[in-house]
Amino acid sequence: MTYREFRAPTGLLPVVACLWRNDTLVAGTERVVPDGCVDLVWLGDGPPLVVGPDTGPVLWEPTGTPTCGVRLRQGAAGNVLGLPASAVRDLQVPLTEVWPEARALSDQVATAGDTAECLRLLAGAVLHRRATPDPLATAAARRLADREIRVADLAAELGVGERRLHRRVTAAVGYAPKTLARVARLRRLIGADGEAPTMSLADQALAAGYASQAHMTDEVHRLTGVTPVRFLEDVRLTAA
């Protein structure tokens, strides 16, 4: 079973992190953990969905066919969707509920029967939106991805008040800055494990920005539903 990511077309690079295809759900389940992104997803049957951003683990059941999707960048989802990204937080809704004008597109995707054609249709629809990322939310997401920083210090660094930062990040990403920071820390943990898999859990925790191994254990379980050891056994860092 494979999960593959593909580079977004040039015109979509500012708002799309990647296109992807997943064969895991053909015959198995998959635990998906928060990554701070919203995806347009086709499950191999029926209309496309708007999925996420999640604040906890989601266990996807087998679909019997390959699935695929377009992953929007952190900071771009709100403008691409045309509504605050927080409106779809922890939800999976038909694309037509977000874009009422997309009924014809949904019908085309539902009958395409091929992931390559579905990705072409979904990517074309995103391109047609002519959206641009929120620059403040994008800068905040990138800064949080780099290393641990207090929200108050992040707001000061970006030259805005905390309330404005909270409002813009929540609308563009779907999370408040503190939640986005927790997700960024989890992603740094995945990256640290990939770069130095022989590092002790305590050292990985510190490298990712957790206060201690106990702090890491609590946060990882809250976001993924499993222990750090179990989580890091087969995790991969996906595009965001």
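By convention here, the first residue in the shown sequence is residue 1. Treat the numbers as computed from the prediction; the structure is a model and nothing was measured.
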When you measure from the side chain of Arg89 to the backbone N and O of Gly174, does any donor-acceptor pair fall under 3.5 Å? yes
Going from CD on Glu101 to CG on Leu95, what distance comes out if it is rounded to the nearest 0.5 angstrom? 8.5 Å
Side-chain heavy atoms of Glu30 within contact of Asn22, under 4.5 Å: yes
Thr2 vs Thr24 side-chain heavy atoms within contact, under 4.5 Å: no
When the side chains of residues 152-168 are checked against the rest of the protein, which donor-acceptor pairs come out under 3.5 Å, sequence neighbours left out?
{"unit_1": "Asp153", "atom_1": "OD1", "unit_2": "Arg150", "atom_2": "NH1", "d": "3.2"}
{"unit_1": "Asp153", "atom_1": "OD2", "unit_2": "Arg150", "atom_2": "NH1", "d": "3.3"}
{"unit_1": "Glu157", "atom_1": "OE1", "unit_2": "Arg143", "atom_2": "NE", "d": "3.3"}
{"unit_1": "Glu157", "atom_1": "OE2", "unit_2": "Arg143", "atom_2": "NE", "d": "2.7"}
{"unit_1": "Arg168", "atom_1": "NE", "unit_2": "Asp134", "atom_2": "OD1", "d": "3.3"}
{"unit_1": "Arg168", "atom_1": "NE", "unit_2": "Asp134", "atom_2": "OD2", "d": "2.7"}
{"unit_1": "Arg168", "atom_1": "NH2", "unit_2": "Asp134", "atom_2": "OD1", "d": "3.0"}

Look at the side chain of Asp45 and the backbone N and O of Thr63, then say whether any donor-acceptor pair between them is shorter than 3.5 Å. no
With sequence neighbours left out, what residues match Arg222 under side chain to side chain donor-acceptor pair (under 3.5 Å)? Asp218
Determine, stepwise, if the pair Val51 / Trp60 fulfils side-chain contact (heavy atoms from CB on, under 4.5 Å). CA-CA 12 Å; Val51 176; Trp60 288 82; 3.9 Å; yes
Pick one: which of Leu127, Leu122, Val70 meets side-chain contact (heavy atoms from CB on, under 4.5 Å) with Val16? Val70
Just verifying a value: how many Å separate Glu117 CD and Thr111 OG1, rounded to the nearest 0.5 Å? 9.0 Å
Between Thr217 and Pro228, the two heavy atoms sitting closest are CA-CG, 3.7 Å
His128 side chain to Gly124 backbone, donor-acceptor under 3.5 Å: no
Separation between SG (Cys68) and CZ (Phe6), nearest 0.5 Å, reads 9.5 Å
If I take atom CG from residue Leu223 and atom CZ from residue Phe231, how far apart are they, to the nearest 0.5 angstrom? 8.5 Å
Residue pair Trp42 / Thr65, side-chain heavy-atom distance below 4.5 Å: no
Carboxylate-amine/guanidinium contact Arg4 Asp23, below 4.0 Å: yes
Do side-chain atoms of Thr96 reach the backbone of Trp99 as a donor and acceptor pair under 3.5 angstrom? no
His221 side chain near Arg230 side chain, heavy-atom distance below 4.5 Å: no
Quick one, Glu219 with Leu186, criterion side-chain contact (heavy atoms from CB on, under 4.5 Å). Give me CA distance, side-chain angles, the key distance, then yes/no. CA-CA 8 Å; Glu219 284 283 293; Leu186 180 70; over 6 Å; no
Using the rule that Ile, Leu, Val, Met, Phe, Trp and Tyr join whenever any side-chain heavy atoms are under 4.5 Å apart, tell me whether Val15 and Leu105 fall into a single cluster. yes
Work out which heavy atom in Pro66 is nearest to a heavy atom in Val26; give both atom names and the distance. N-CG2, 3.6 Å
Go through the steps to decide whether Glu148 and Arg182 satisfy the test salt bridge (Lys or Arg N to Asp or Glu O under 4.0 Å), and finish with yes or no. CA-CA 9 Å; Glu148 198 69 11; Arg182 291 173 57 213; over 6 Å; no
Could Arg21 and Glu5 be called an ion pair, given the rule that one side-chain N must be under 4.0 Å from one carboxylate O? no
Do Leu180 and Ile149 share a hydrophobic cluster, counting only Ile, Leu, Val, Met, Phe, Trp and Tyr and linking them when any side-chain heavy atoms are less than 4.5 Å apart? yes
Full working for side-chain contact (heavy atoms from CB on, under 4.5 Å) between Asp107 and Arg103: CA-CA 6 Å; Asp107 292 342; Arg103 191 164 302 281; 4.3 Å; yes
Distance-minimising heavy-atom pair for Pro14 and Pro133: O-CG, 3.1 Å
With a 4.5 Å cut-off on side-chain heavy atoms, are Val220 and Tyr210 touching? yes
Quick one: closest heavy-atom pair of Met216 and Ala205, and the distance? SD-CB, 3.7 Å
Rounded to the nearest 0.5 Å, how far apart are SG of Cys18 and CG of Leu13? 11.0 Å
All side chain to side chain donor-acceptor pair (under 3.5 Å) counterparts of Arg73, not counting sequence neighbours: none
Joint cluster assignment, Val58 & Val88, ILVMFWY side-chain distance < 4.5 Å: no
Distance check, rounded to the nearest 0.5 Å: Thr170 atom OG1 versus Tyr175 atom OH? 11.5 Å
Can you find a heavy atom in the side chain of Leu19 that is under 4.5 Å from one in the side chain of Arg7? no
Tell me which donor-acceptor pairs under 3.5 Å the side chains of residues 80-87 have, and how far apart each pair is, sequence neighbours excluded?
none

Show the nearest heavy-atom pair for residues Val173 and Ala137, with the distance to one decimal. CG2-CB, 4.5 Å
Can you name the residues that form a side chain to side chain donor-acceptor pair (under 3.5 Å) with Trp20, not counting sequence neighbours? Asp39
4.5 Å side-chain heavy-atom contact, Leu40 and Arg71: no
Do Ile190 and Val183 belong together in a cluster built from hydrophobic side chains that touch within less than 4.5 Å? no
Is there a side-chain contact (heavy atoms from CB on, under 4.5 Å) between Val50 and Gln92? Walk through the geometry before answering. CA-CA 6 Å; Val50 177; Gln92 303 162 16; over 6 Å; no
Surrounding CZ of Arg142 (heavy atoms of other residues, nucleotides or ligands, distance under 6.0 Å), is the total greater than 12? no
Looking at Ser106 and Pro47, what are the two nearest heavy atoms and their distance? CB-CB, 4.1 Å
Compile the donor-acceptor pairs under 3.5 Å between side chains in residues 31-38 and protein atoms, sequence neighbours left out, one pair per line.
{"unit_1": "Arg31", "atom_1": "NH1", "unit_2": "Thr224", "atom_2": "O", "d": "3.0"}
{"unit_1": "Asp35", "atom_1": "OD1", "unit_2": "Cys37", "atom_2": "N", "d": "2.9"}

Heavy atoms, side chains only, cut-off 4.5 Å: are Val93 and Val98 in contact? yes
Does Leu206 belong to the same Ile/Leu/Val/Met/Phe/Trp/Tyr cluster as Leu144, with side-chain heavy atoms less than 4.5 Å apart forming each link? no
